[in-house]
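Keep in mind that the numbers below use all heavy atoms, side chains included, and drop hydrogens, waters and symmetry copies. These numbers come from a predicted model, not from an experiment.
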Amino acid sequence: MLKLYDVEVHSRLLLGTARYPSPSVLAEAVKRSKTEIVTVSLRRETACGKAGGAFFELIRELGVRVLPNTAGCHSVQEAVLTAKMAREVFHTDWIKLEVIGHHDTLQPDVFGLVEAARILNGEGFQVFPYTTDDLVVAERLLEAGCRILMPWCAPIGSAIGPLNPMALRAFRANFPDVPLIVDAGIGRPSHAATVMEYGYNAVLLNTAVAGAGDPAAIAEAFALAIAAGHIAHGGVPLEPREMAVPSTPVIGKAVFT
């Protein structure tokens, strides 16, 4: 079981809900992935007017827990206001906090992120902060009251996979008791399995599923890969070796004369 704040879930896959070809494709992806948590951008959907209302109804029908996010916010004020609106709409204290600082890479504004996290934690929110793999920023977020961290492994939507495995491993090693969710940059199920083998607790995906040729099939593949990576981490896989090691012992083998 994965415990996020005071909620326990079975699935270690969190799924985004943006950019799917149709609502029915989104619904099938959620179903086949068996995810229990989906992220929703209040800003994006409320901008759609009546279509936004239909979208919220679809999410309710899926029977999954909603993690609202502050996607598209570029300032502390924007992010805090959006979080408060999301709490009223979805009746949850959960918020995936994004404060974007760079237009091209969509890298978080880590200074604004820490400030917004401190404000929201002080107002009773349970914050899931989207951050970089910087250890100092992570420490500041924990000091601000966050109990979960969501580091990226590459820029949002890039599908590159883990750009800095050493940093991701260091992040896990430095925060052994903090639930860590890799968010952004994963493109293939093998990428998800890799970060789970590092010891991460879950993976959040959107573009890698919504942008695939068959989103439902890819969602299921990711779910399986994440589960496999989690099991593999617990089984302590062999580390790479520089020399060959025979699988059949040489000592004691039969000798024919």
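L106 and M150 fall into different hydrophobic clusters, defined by Ile, Leu, Val, Met, Phe, Trp and Tyr side-chain heavy atoms under 4.5 Å apart, directly or through other members. The hydrophobic clustering, which links ILVMFWY residues whose side-chain heavy atoms are closer than 4.5 Å, places V40 and Y130 apart. Linking ILVMFWY residues whenever their side-chain heavy atoms come closer than 4.5 Å, directly or via other members, leaves V209 and I160 in distinct clusters.
Side-chain atoms of S33 never come within 3.5 Å of backbone atoms of A223 as a donor-acceptor pair (strictly under, hydrogens ignored). The backbone N or O of I37 lies less than 3.5 Å from no partner atom in the side chain of R65, so there is not a single donor-acceptor pair. Under the 3.5 Å distance criterion, the side-chain polar atoms of N69 are left unmatched by any main-chain donor or acceptor of E98. At least one donor-acceptor pair under 3.5 Å links the side chain of H191 to the backbone N or O of R188.
Ring geometry for Y200 versus F171: interplanar angle under 30°, hence parallel rather than tilted (30 to 60°).
Screening I95, V99, L120 against T70 for a side chain to side chain contact (heavy atoms under 4.5 Å, CB included) leaves a single residue, I95.
With a 6.0 Å radius and a threshold of 12 heavy atoms from other residues, nucleotides or ligands, E61 has its CD atom above the threshold. By the neighbour-count criterion of 12 heavy atoms within 6.0 Å, atom CZ of F111 is sparsely surrounded, having that number or fewer from other residues, nucleotides or ligands.
A salt bridge does not link R118 to E115: none of the charged nitrogens lies less than 4.0 Å from a carboxylate oxygen. Taking the charged nitrogens against the carboxylate oxygens, R147 and D6 do have a contact shorter than 4.0 Å, which makes a salt bridge.
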